[in-house]
Asks: 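Got a structure for you, written out below as structure tokens; questions coming shortly.
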Amino acid sequence: MNNPEIAELLRKMAASYQILGRNTFSIIAYEKAADSIEHLTSEAKDFWDEGRLGDIPGLGQSIAGYLDELFRTGRVRHFEEVMDKVPAAVFPLLNIPGLGPKKAYKLVTILKLKQPDRVIRDVSQACTDGRIRDIDGFGVKSEAAILTGIGEYRRGQIKENRMVLPVADALAEELLTHLRRTPDVKHADALGSLRRQVSTIGDIDIAVSTTKPQAVVNHFLKFPHRKVIEKGPTGASLLLTNGRQVDLRVQKPDTYGSMLQYFTGSKHHNIALRNYALGRGYSLSEYGIKQVKTGNIHEFKDEESFYRALGLPFIPPEIREDRGEIDAARNNRLPKLLELPEIKGDLHTHSLYNLEPSHDLGSSSVAEYLKISENLGYEYIGFSDHNPSISTHTEKQIIAIMKKRKVYYEQQYSSYYRNKQKRVQMFIMCEADILTDGKVALPAEAFRYIDAAVVSIHGSFRQPKDLMTSRVVRALTSHPKVRIFGHPTARLLGRRESIELDWKVIFGLCRQRDIALEINAYPDRLDLPDLIVHEAVKAGVRLIIDTDSHQAQQMYLMKFGVSVARRGWATGRDIANTLDYNTFAKWLVKGE
DNA sequence: GCCGTTTTCGGCCCGACTGTTTTCAGTCG
């Protein structure tokens, strides 16, 4: 049983306890345990294997004992006994926004709904028939609300309606630029998951500090839009022409810091922070910090002073996820997170040189890439075109192509720099497929004509974990010039799930051979995911951030790779391409 | 049921919103 399934089971227990009227704090305990397991970076089963179930926060003797039974026998008798007291049809209804355990239970018992697999349809029908309005505690509006909720639930099942970070970021930048055009705006910032730079974003929320709220709201409403959803003296919501919703919140400068902190989240960070504050006699809210004894509320202009008032250094938004940042802050052990200017090169780019590759060519010339590398202040760039297709070439042909390609790059390079002093250094590389059996799609002899290889998976994504792991191990150990494991989970945001890998094995191997795991900054990849970055950093594995550019302008997307690294607690020392050219070349170029 | 820079006992995040009420319960983020 995997983590999401266990979390769901624990949530069902919490709901059952709620219906059965048990102790509120048992209910909270089960919910916390579910949250905790959902946030875990490795499987709870792996903890159990190692006899460390108790190390999972929120699991005490009781719940850990039940999970032990679950892993040993596949069931928990206590859970079954409790949940048997609740009609099975209650549980599917908990997925409907607006319905919680109490209401769901009431509907199921009063309407005598027995069949879990059709209970949502039955409730929908009951709303349409007007059979819910007469139930105690419900009314006409409840019927409409439930129907809306069911609609949302159904749509949510069909399509995950989130933007990838770079898209949301670009949209937010337009809005922020628009807002900052009026002098009434003192500060304007993104809020929520966008400010924390999460890889996918739902709605865009923006905060403004001003002494003239109405003027700012009016100015905001001039942004091109399809419809005004809401407007008032302290905020407004617009539906944009692209179908996205933007919410604006306006605050006076004196309380801007508390508001920014509160709406940046994450929810889990805020809960943990409030817990921490409560131990010191403070109660937190979006309005400020209240001294519990006196009831006095202190307001904050900025977040720095907000955290300082709690005795903490500023915690960067990217790591506000309740993954240990409050403890680290308290002990003054927050990492000095990587920053964009530390990046000195990009090692995964595709030029337009046609080597008859297995996958897509780039569309920019070597000169264009060099030009942008200069603009970015880089010391080096690597060209990592896909290997020549193995289905349409013999080994001999591939070797010949790679040899010719090396000459081409060297000529392009020297002609670009004919009369120039300062140069961006170049690495001639290759992105080689990891084939189904773990072979790398580049003959050994072809490695002579490259400095190093990125290897990555472009097919057979659904192999079982052990097979996939040995496949990757074979590829990473196939040649000394294999130096980077590209977009390691092969996920595509909103389109394809990650492959399954035993990360412990991969981390161990990467450390042993000093191979870097790539953080691929391409918009719908953002791969490694931040959670695995965090694990890799803890394991002391070297990382490298690349854009996987297929046209030179995409090199500017590096900042999103940096965001992922920051969310994974990475510092400059964890990232290979913060090294200066000489040190970096020593690391990258191995073998003859 | 969990947990400890107030505590191994006695606390447990906070406030808004909604719809149903006549002072509140349930749900959400």
Side-chain angles (χ1 to χ4, degrees), chain A residues 10-11 13-37 53-67 76 78-79 82 93-107 132-146 148-149 152-153 191-193 196 202-203 205 230 232 234-235 247 249 258-259 261-290 292-293 295 297 310-312 320 322 326-327 329-332:
Chain A
L10 294 171
R11 290 229 163 77
M13 275 298 289
S16 304
Y17 270 5
Q18 213 165 337
I19 291 163
L20 299 171
R22 297 291 183 82
N23 177 357
T24 318
F25 299 111
S26 306
I27 299 163
I28 293 173
Y30 273 96
E31 279 170 352
K32 272 190 179 162
D35 277 350
S36 176
I37 285 183
L53 220 41
D55 289 357
I56 300 175
L59 293 200
Q61 260 195 336
S62 301
I63 298 183
Y66 293 138
L67 292 192
V76 183
H78 173 64
F79 289 2
V82 172
L93 291 179
L94 301 178
N95 296 312
I96 308 298
L99 287 184
K102 296 279 180 75
K103 286 187 183 175
Y105 179 70
K106 216 172 210 180
L107 289 177
I132 285 181
R133 60 189 64 180
D134 297 329
I135 300 175
D136 201 28
F138 292 82
V140 177
K141 284 188 179 170
S142 317
E143 275 176 353
I146 293 170
T148 311
E152 275 175 39
Y153 167 74
L191 295 167
S193 51
R196 301 197 313 279
D203 289 334
D205 295 302
E230 229 182 279
T234 61
D247 300 330
R249 292 173 189 280
S258 330
M259 188 264 247
Q261 197 286 328
Y262 179 83
F263 285 106
T264 295
S266 68
K267 183 187 164 199
H268 291 289
H269 173 80
N270 284 353
I271 289 173
L273 194 67
R274 274 181 224 136
N275 244 327
Y276 164 84
L278 211 57
R280 281 159 182 71
Y282 300 115
S283 165
L284 308 184
S285 77
E286 58 181 292
Y287 306 111
I289 299 180
K290 183 165 79 181
V292 177
K293 255 190 220 157
I297 295 183
L310 296 172
L312 298 174
R320 295 184 197 164
D322 190 24
I326 293 171
D327 267 347
R330 207 167 63 188
N331 300 316
N332 245 320

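These figures come from a predicted structure and were not determined experimentally. In what follows, chains carry the letters A, B, and so on, assigned in the order in which the sequence lines appear, proteins first and then strands, with residues in each chain numbered from 1.
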Asks: OP1, OP2 of B:dC12 versus side-chain N and O of A:Tyr30: anything below 4.0 Å?
Replies: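 So the side-chain polar atoms of A:Tyr30 never come under 4.0 Å of the phosphate oxygens OP1 or OP2 of B:dC12.
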Asks: For residues 133-145 of chain A, which residue pairs qualify under salt bridge (Lys or Arg N to Asp or Glu O under 4.0 Å), counting only residues two or more places apart or in two chains?
Replies: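 The answer is A:Arg133-A:Glu143.
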Asks: For the pair made of CZ in A:Phe79 and C1' in B:dG1, what is the distance, rounded to whole Å?
Replies: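 Nearest whole value for this atom pair: 11 Å.
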Asks: Let me know the distance between CD of A:Glu286 and P of B:dA16, rounded to the nearest Å.
Replies: 6 Å
Asks: Please report the distance, rounded to the nearest Å, between CG in A:Asp134 and C1' in B:dG19.
Replies: 15 Å
Asks: Across the strands shown, which category fits A:Leu284 at heavy-atom distances under 4.0 angstrom: base, sugar-phosphate, nothing?
Replies: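 Sugar-phosphate: the residue A:Leu284, judged by heavy atoms under 4.0 Å, touches backbone atoms but no base.
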Asks: Do A:Asp35 and A:Lys32 meet the salt-bridge criterion of a basic N to acidic O distance under 4.0 Å?
Replies: no
Asks: Which atoms form the tightest heavy-atom contact between A:Gly149 and A:Ile96, and what is the distance?
Replies: C-CG2, 3.7 Å
Asks: Within the 4.0 Å limit for protein heavy atoms, which parts of nucleotides 20-29 of chain B are touched? Write it as a string from 5' to 3', B for base, S for sugar-phosphate only, - for none.
Replies: SS----SSSB
Asks: For nucleotides B:dT18 and B:dG11, find the distance between their C1' atoms and express it as a whole number of Å.
Replies: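 The answer is 30 Å between these two C1' atoms.
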Asks: Figure out the CG/P separation between A:Leu273 and B:dC14, and round it to whole Å.
Replies: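 Atom-to-atom, A:Leu273 to B:dC14, this comes out as 11 Å.
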Asks: Under the side chain to side chain contact (heavy atoms under 4.5 Å, CB included) test, which residues partner A:Tyr105, sequence neighbours left out?
Replies: A:Ile19, A:Pro87, A:Val90, A:Thr109
Asks: Phosphate oxygens OP1/OP2 of B:dC14: is one of them under 4.0 Å from a side-chain N or O of A:Ser285?
Replies: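 Result: no.
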Asks: Working to the nearest 0.5 Å, report the span between CD of A:Glu286 and CG of A:Asn270.
Replies: 10.5 Å
Asks: Find the distance A:Gln261:CD to B:dG15:P and express it as a whole number of Å.
Replies: 14 Å
Asks: With sequence neighbours left out, write down each residue that passes side chain to side chain contact (heavy atoms under 4.5 Å, CB included) with A:Asp203, or none if nothing qualifies.
Replies: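 For A:Asp203, the residues satisfying side chain to side chain contact (heavy atoms under 4.5 Å, CB included) (neighbours in sequence not counted) are A:Gln245.
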Asks: Looking only at atom P, what distance separates B:dT21 and B:dT27, rounded to whole Å?
Replies: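 The same atom, P, in both gives a distance of 15 Å.
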Asks: Using the C1' atoms only, state how far B:dT7 lies from B:dC2, rounded to an integer number of Å.
Replies: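 To the nearest whole Å, 14 Å.
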Asks: Using a 6.0 Å distance limit plus a 45 degree cone around the ring axis, check whether A:Arg330 lies over the aromatic ring of A:Tyr276.
Replies: no
Asks: Considering only heavy atoms from C-beta outward, does the side chain of A:Arg196 approach that of A:Thr264 to under 4.5 Å?
Replies: yes
Asks: Could you give the distance separating B:dT6 and B:dC12 at their C1' atoms, to the nearest angstrom?
Replies: 14 Å
Asks: Taking the minimum atom-to-atom distance to the side chain of A:Asn275, which one of B:dC14, B:dG1, B:dC12 wins?
Replies: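 That would be B:dC12.
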Asks: Under the side chain to side chain contact (heavy atoms under 4.5 Å, CB included) criterion, do A:Ile63 and A:Tyr30 qualify, and how do the steps go?
Replies: CA-CA 8 Å; A:Ile63 298 183; A:Tyr30 273 96; 3.9 Å; yes
Asks: Which atom pairs link the protein and nucleotides 2-7 of chain B when you take only N or O atoms and keep those under 3.5 Å?
Replies:
residue : atom : partner  : partner atom : Å
B:dC2   : OP1  : A:Gly60  : N            : 2.6
B:dC2   : OP1  : A:Gly60  : O            : 3.4
B:dC2   : OP1  : A:Ile63  : N            : 3.2
B:dC2   : OP2  : A:Ser62  : N            : 3.3
B:dC2   : OP2  : A:Ser62  : OG           : 3.4
B:dC3   : OP1  : A:Gly58  : N            : 2.6
B:dT6   : OP1  : A:Gly279 : O            : 3.3
B:dT6   : O5'  : A:Gly279 : O            : 3.4

Asks: If you compare all heavy atoms of A:Gln18 against all heavy atoms of A:Lys102, which two are closest, and at what distance to 0.1 Å?
Replies: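 Between these two residues, the closest heavy atoms are O-CE, 3.4 Å.
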Asks: What distance, rounded to whole Å, do you find between the two C1' atoms, one in B:dA25 and one in B:dT20?
Replies: 9 Å
Asks: Taking ring pair (Phe, Tyr, Trp, His ring centres under 6.0 Å) as the definition, give me every residue that meets it alongside A:Tyr66, ordered by chain and number, with sequence neighbours left out.
Replies: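 With sequence neighbours excluded, A:Tyr66 shows a ring pair (Phe, Tyr, Trp, His ring centres under 6.0 Å) to A:His78, A:Phe79, given in chain and number order.
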Asks: Which comes earlier along DNA chain B counting from the 5' end, the contact point of A:Ser283 or that of A:Ser26, where each point is its nearest nucleotide?
Replies: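 Going by which nucleotide is closer to the 5' end, it is A:Ser26.
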Asks: Paired with B:dT8: which nucleotide, if any, by Watson-Crick or G-U wobble criteria at under 3.5 Å for both distances?
Replies: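 The base-pairing partner of B:dT8, which may sit in any strand shown, does not exist here.
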Asks: B:dG15 C1' sits how many Å from A:Ile271 CD1, rounded?
Replies: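 My rounded result for the distance is 12 Å.
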Asks: Report the distance from atom CE of A:Met13 to atom P of B:dG1, rounded to the nearest whole Å.
Replies: 8 Å
Asks: Please give, in whole Å, the distance from B:dG1 P to A:Ile27 CD1?
Replies: 11 Å
Asks: Using the C1' atom as the reference point in each nucleotide, state the distance between B:dC3 and B:dT8 in Å, no decimals.
Replies: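 B:dC3 and B:dT8 have their C1' atoms separated by 9 Å.
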Asks: Looking at every strand, decide which applies to A:Asn270 at a 4.0 Å heavy-atom threshold: base, sugar-phosphate, or nothing.
Replies: nothing
